[in-house]
Amino acid sequence: MAAVIEARGLRKDFTVRVRAGRLRREKRIVPAVAGVDLCVQPGEMLGYIGPNGAGKSTTLKMLTGVLTPSAGQVSVCGLTPVPQRTRLALRIGVVFGQRSQLWWDLPLRESFALLRHVYRVPVADHAARLRRCRALLDLDEFLDTPVRQLSLGQRMRGELTAALLHGPEVLFLDEPTIGLDVTSKRAVRSFLAELGAAGDVTLVLTTHDLADIERLCHRLVVIDHGRVVHDGTIDALHTRYGSRRRLVADLDAPLPPGFAVDGAAVSAVEADGHRVSFALESASAGAVVAALTALGSLRDLSLVEPDIEDVVARLYRDRPPDPAAG
Ligand SMILES: Nc1ncnc2c1ncn2[C@@H]1O[C@H](COP(=O)(O)OP(=O)(O)OP(=O)(O)O)[C@@H](O)[C@H]1O
């Protein structure tokens with residue numbers, strides 16, 4: 001299957017002027033994206049994450065034709081984004097948190113009607129897509145409200161709809177849940193999950209909210225200092241960083257000295273000695289539970305999945321030094 005997004009050696013260098021002494025300013029090159037290779041198949045849901053300033057938005061801007069790359073090749077839906085920007089706009093949808101594609105003074109409903117004309121969408125297709133978004137994103141309550149009066153969560157639901165009305169093949173989302181309350185976050189996530197599950201649109205999303213990634217993305221690309229430092233599934237990330245499921249047990253008595261189950265490391269014992277945590281290396285949870293039950297002092301237990309926050313925090317902490325620094 002042909003990739004829907006392909007980038008090879010993608011770079012973006014910004015030239016900035018920095019103070020060098022009291023009156024002097026000198027040019028400095030900021031390598032915002034420093035040679036990214038990316039290949040995305042149709043229907044994939046890709047999370048593109050990294051610490052602040054890693055180069056996520058700059059990559060997205062190059063993929064959507066907003067910024068011209070300094071070097072490298074890029075193709076989205078078979079088009080070269082900047083020179084073929086107008087054609088590309090018909091094939092992709094874009095939701096960038098800080099920019100709106102809605103008309104500020106118009107009610108949402110009218111913004112949607114205008115977008116139908118802008119993209120020349122057949123009436124029946126437009127109506128069907130809008131109906132689906134209205135149902136899934138609960139738009140009806142504020143469809144006749146001017147955009148400027150919408151809450152952030154309502155506006156984001158409007159932006160998502162606006163980005164989808166022309167039936168794009170790829171949807172680019174830059175921080176789609178930033179600043180949203182819990183209910184709106186949940187609504188946006190379920191909507192995107194449903195969209196992804198239907199498989200007719202490829203999703204690329206940047207986020208600092210790892211719950212977005214866990215809920216939505218099968219594949220995770222992590223960038224740092226403009227370079228890809230991980231490309232794979234979330235499971236692969238856990239394997240690479242040695243994250244393990246843990247079994248936490250509350251006991252009525254301290255664990256007897258020498259207690260052991262093959263393949264399960266006792267990783268922590270709390271102060272009172274009655275709560276024990278086992279990192280499950282190769283042992284099954286069942287084997288540990290059986291051994292604990294045999295002790296006769298097992299009161300309670302829970303299985304804790306590896307936490308993506310921990311893994312990503314470790315990945316960011318172990319980041320290589322900034323090649324541009326110094
Ligand atoms: N227009 C610009 N001019 C100069 N430098 C820029 C410009 N845009 C971005 N940069 C720099 O490029 C680097 C990457 O920025 P970018 O916005 O792509 O990062 P990001 O990963 O999206 O960060 P964040 O998570 O904070 O949004 C940063 O060092 C930033 O300061």
Side-chain angles (χ1 to χ4, degrees), residues 5 7-20 25-38 40 45-74 76 81-82 85 92-100 152 155-156 159 163 170-180 185 188-189 192 203-214 216-217 219-232 237 308-309 311-326:
I5 298 174
R8 291 272 163 265
L10 192 62
R11 284 194 70 94
K12 182 70 193 177
D13 296 322
F14 289 110
T15 306
V16 292
R17 294 189 173 278
V18 291
R19 259 213 155 105
R25 287 162 80 78
E26 63 185 29
K27 272 193 193 169
R28 202 172 136 223
I29 306 290
V30 179
V33 175
V36 162
D37 295 335
L38 197 61
V40 183
M45 297 174 83
L46 177 82
Y48 196 62
I49 69 166
N52 288 129
K56 305 177 292 292
S57 303
T58 306
T59 310
L60 250 52
K61 285 178 187 162
M62 289 192 280
L63 296 179
T64 53
V66 176
L67 278 177
T68 307
S70 308
Q73 279 96 46
V74 56
V76 178
V82 173
R85 193 172 163 180
I92 63 170
V94 176
V95 178
F96 283 1
Q98 66 281 40
R99 255 190 295 159
S100 179
L152 185 61
R155 185 167 73 76
M156 187 49 77
E159 298 284 357
V170 189
L171 184 60
F172 292 96
L173 303 149
D174 197 1
E175 297 277 4
T177 58
I178 197 166
L180 302 191
K185 264 190 191 177
V188 167
R189 278 184 198 137
L192 293 175
L203 287 182
V204 177
L205 97 127
T206 79
T207 184
H208 286 288
D209 190 328
L210 296 173
D212 288 349
I213 298 286
E214 281 195 303
L216 298 171
C217 299
R219 179 176 161 204
L220 190 60
V221 170
V222 186
I223 66 161
D224 193 12
H225 302 314
R227 294 177 193 281
V228 174
V229 294
H230 175 83
D231 183 351
L237 193 69
I308 189 175
E309 299 264 355
V311 188
V312 170
R314 249 186 291 165
L315 189 106
Y316 289 1
R317 201 181 51 222
D318 298 348
R319 49 207 292 221
D322 183 353

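Each ligand, and each atom within it, is numbered from 1 in the order the structure gives.
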Participant: Suppose we measure from atom 16 (P) of ligand 1 to each protein heavy atom; which comes out shortest, and what is that distance?
Facilitator: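 Residue, atom and distance for the closest contact: T58 OG1, 3.5 Å.
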
Participant: Taking all atoms of both residues into account, what is the closest heavy-atom pair of Y48 and G55, and its distance?
Facilitator: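 Minimum heavy-atom contact is CE2-O, 4.5 Å.
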
Participant: Please say whether G53 places an N or O atom under 3.5 Å from an N or O atom belonging to ligand 1.
Facilitator: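 It does: an N or O of G53 is found under 3.5 Å from an N or O of ligand 1.
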
Participant: Indicate yes or no: at least one non-hydrogen side-chain atom of R219 is less than 4.5 angstrom from one of V40.
Facilitator: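 In short, these two side chains touch, coming nearer than 4.5 Å.
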
Participant: With heavy atoms of A54 as the reference, note each atom of ligand 1 found under 4.0 Å away.
Facilitator: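 Taking each heavy atom of A54 in turn, ligand 1 has 19 (O), 20 (P), 21 (O) under 4.0 Å.
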
Participant: Quick one: are L192 and L171 in side-chain contact, heavy atoms under 4.5 Å?
Facilitator: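 L192 vs L171: side chains touch.
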
Participant: Looking only at N/O atoms, are E175 and ligand 1 under 3.5 Å apart anywhere?
Facilitator: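 There is no such contact.
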
Participant: Name the closest protein heavy atom to atom 26 (O) of ligand 1, giving the residue it belongs to and the distance to 0.1 Å.
Facilitator: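 Closest protein heavy atom to atom 26 (O) of ligand 1: N52 ND2, 2.9 Å.
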
Participant: Do the side chains of L63 and P81 get nearer than 4.5 Å, heavy atoms only?
Facilitator: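 P81 does not reach L63 side chain to side chain.
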
Participant: Does any part of the side chain of V33, heavy atoms only, come nearer than 4.5 Å to the side chain of R11, both counted from C-beta?
Facilitator: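 Heavy-atom side-chain distance check fails, nothing below 4.5 Å.
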
Participant: Can you find a protein heavy atom under 4.0 Å from atom 18 (O) of ligand 1?
Facilitator: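 Yes; the ligand atom in question has protein heavy-atom contact below 4.0 Å.
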
Participant: Using only atom types and a distance under 3.5 Å, with no angle test, would you say the side chain of R227 pairs donor to acceptor with the backbone of A34?
Facilitator: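 The answer is yes, because a donor-acceptor pair under 3.5 Å joins these two groups.
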
Participant: Nearest protein heavy-atom contact for atom 1 (N) of ligand 1: which residue, which atom, what distance?
Facilitator: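 Residue, atom and distance for the closest contact: F14 CE2, 3.6 Å.
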
Participant: Is V16 touching ligand 1 with its side chain, its backbone, both, or neither, if touching means heavy atoms under 4.0 Å apart?
Facilitator: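 Near ligand 1, V16 shows its side chain, while the N, CA, C and O stay back.
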
Participant: Any side-chain heavy atom of L220 sitting closer than 4.5 Å to one from I49?
Facilitator: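 Contact flag for L220/I49 side chains = yes.
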
Participant: Starting from atom 27 (O) of ligand 1, what is the nearest protein heavy atom, named by residue and atom, and what distance separates them?
Facilitator: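 Protein heavy atom at minimum distance: S57 OG, 4.0 Å.
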
Participant: I want to know if ligand 1 touches G55 in the polar sense, i.e. an N/O pair below 3.5 angstrom.
Facilitator: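 There is such a contact, yes.
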
Participant: How far is atom 12 (O) of ligand 1 from the closest protein heavy atom, and which atom is that?
Facilitator: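 Scanning the protein heavy atoms, the shortest distance from atom 12 (O) of ligand 1 goes to A32 CB, 3.2 Å.
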
Participant: With a 4.0 Å cut-off on heavy atoms, does K61 reach ligand 1?
Facilitator: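 No; K61 lies far enough from ligand 1 that no heavy-atom distance drops under 4.0 Å.
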
Participant: If you take all heavy atoms of K185 and T177, which pair is closest and at what distance?
Facilitator: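 Here K185 and T177 meet closest at CE-O, 3.4 Å.
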
Participant: For V222, is there any backbone N or O sitting under 3.5 Å from a side-chain donor or acceptor partner on K56?
Facilitator: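 Not a single qualifying donor-acceptor pair exists.
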
Participant: Please indicate, with yes or no, if any protein heavy atom is found under 4.0 Å from atom 14 (C) of ligand 1?
Facilitator: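 Within 4.0 Å of atom 14 (C) of ligand 1, protein heavy atoms are found.
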
Participant: Would you mind running through ligand 1 and noting each atom that sits below 4.0 Å from a heavy atom of K56?
Facilitator: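 Close to K56: 18 (O), 19 (O), 20 (P), 21 (O), 22 (O), 23 (O), 24 (P), 25 (O).
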
